[in-house]
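One structure is given here, and the rest of the page talks about it.
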Amino acid sequence: MAFKLSIYPWVHSARFNGDGWDEEYIEQEHMTPEEENAMSEADHTALVNKRNNFPHLPLVNYTTQYGLGCFEGLKAFPQPDGSLKLFRPDRNCRRMASSMKGLMMPPIDEPLLLEGIVGTVRRNAGLGFAPSYDPEWEKDSWQSGGAVYIRPFAYSEPGIGINLSRAPWVITVCTTVSAYFTPGKNEAVTSERVRATPKGTGWIKAAANYVTSTLAKTEAIQAGFMEAIFLDAATHKNIEEGSSCNFFALFPGGKLVTPSLHDTILPGITRESVMKLAEERGLDVVERDLAVSEVLNDAVECFVTGTAAGITPLGSLTHQGQKGVFSSLKDDSLSMSLLRELKGIQYGAVEDRHGWMKDV
Ligand SMILES: *Cc1c(COP(=O)(O)O)cnc(C)c1O
């Protein structure tokens, strides 16, 4: 995965004070991006490790001890005119507040977080920390395109007894990302593991959910696949989602099906956006239970969606030895066409008809 942990110098820190949120922007040790790129690997690692130290945060707390934390992931996309634009950051702020409520924490003030995200990206870009637009990316429909990845996360106050967080921080850091999945290696496999159970935390972007996801994804990769697909806990017959992405299947006649949202599925912003784009094309977009058997037997295309994954077409899905093969990766597929439209909107080549892009 093309995430290098190279946190940008400016960080936003918000903390609940019992009443409202105190905030500050913190500038950490840095040189110019050019100087940092010219550093030896060891020196650069040392500098980046220093930037990953947050001395105002306690080490022993409910997040590090019990996984009581949640986070967001969103991107700012470099535009051909040299500016940066965020994709639907208001939706991420709303989901962050909803996740925190789900973990019984005081929810972040949404406008404050949105301002903090914009302010952090802007300050970092002002120092030169942001990829710039490269017309080369157009050759593969921006699949190799770079972006600023923004990671707001909740972090609890000190504590060792099992407890809820009453005075959390919400820290926002940025780093550079490029493609998430290795292009051309788009085979998926169902996992025996259960990511989320009814009445659990599957609908929350909770840190703890990623334990099972990461185990399953690692097993899938070890078995030669790109991604693990989770089935429902009760029957193990219906597709829920990928390790960190939502699932879509296209059936003959233009019916596009994605599992309906309930408490075991993460309500993806990319999912919602792709549903809108597909509806506008006149496709019949349906949210319902989606049996793995019907996908294997009848689906013509499948893809997964998420901030990191974008739209990633799947070439096949394997379940208990049975393999369904799809035409998702063909140049004239719906998956590729939706990918080009979404990336086109994000990178400024396709008109932003819905007002999804926000200036930094
Ligand atoms: C974040 C996430 C997604 C994708 O959500 P987006 O808002 O599209 O980035 C899907 N599934 C899980 C489990 C996630 O954590």
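Order of appearance sets the numbers: ligands from 1, and atoms from 1 within every ligand.
Counting only heavy atoms of the protein, atom 5 (O) of ligand 1 lies nearest to Gly268 CA, 3.4 Å. With hydrogens left out, the protein atom closest to atom 15 (O) of ligand 1 is Tyr210 OH, 2.4 Å, a heavy atom. Summary of contacts: the protein heavy atom closest to atom 12 (C) of ligand 1 is Glu241 OE1, 3.3 Å. When hydrogens are left out, the protein atom nearest atom 6 (P) of ligand 1 is Ile269 N, 3.5 Å; that is the closest non-hydrogen contact. Shortest contact from atom 8 (O) of ligand 1 to any protein heavy atom: Thr270 OG1, 2.6 Å. Annotation: atom 3 (C) of ligand 1 to nearest protein heavy atom, Ser244 O, 3.4 Å. Of the protein's non-hydrogen atoms, Lys205 NZ, 3.0 Å is the one closest to atom 14 (C) of ligand 1.
Side chain to side chain, Tyr8 and Thr176 meet the donor-acceptor criterion of an N or O pair below 3.5 Å.
Residues passing the ring-ring contact (aromatic ring centres under 6.0 Å, His included) test with Tyr66: none are found, sequence neighbours excluded. Annotation: ring-ring contact (aromatic ring centres under 6.0 Å, His included) contacts of Phe87 (sequence neighbours excluded): Trp356.
Looking at Glu157, its side chain does come within 3.5 Å of a backbone N or O of Arg166 through a donor-acceptor pair.
Heavy atoms of Thr307 found under 4.0 angstrom from ligand 1 belong to the backbone as well as the side chain. The residue Arg91 has no part lying near ligand 1, judged by heavy-atom distances below 4.0 Å.
Considering backbone and side-chain N/O of Arg95, one or more are found under 3.5 Å from N/O of ligand 1. Between Arg271 and ligand 1, no N or O atom pair is found at a separation short of 3.5 Å. Considering backbone and side-chain atoms alike, Asn246 places every N or O at 3.5 Å or more from each N or O of ligand 1. Looking at Thr305 next to ligand 1, no N or O pair under 3.5 Å apart turns up.
Residues Arg15 and Asp22 are not paired through a salt bridge, judged by the lack of any N-O separation under 4.0 Å between the basic side chain and the carboxylate. Remark: Arg195 engages Glu241 in a salt bridge, criterion side-chain N to carboxylate O under 4.0 Å.
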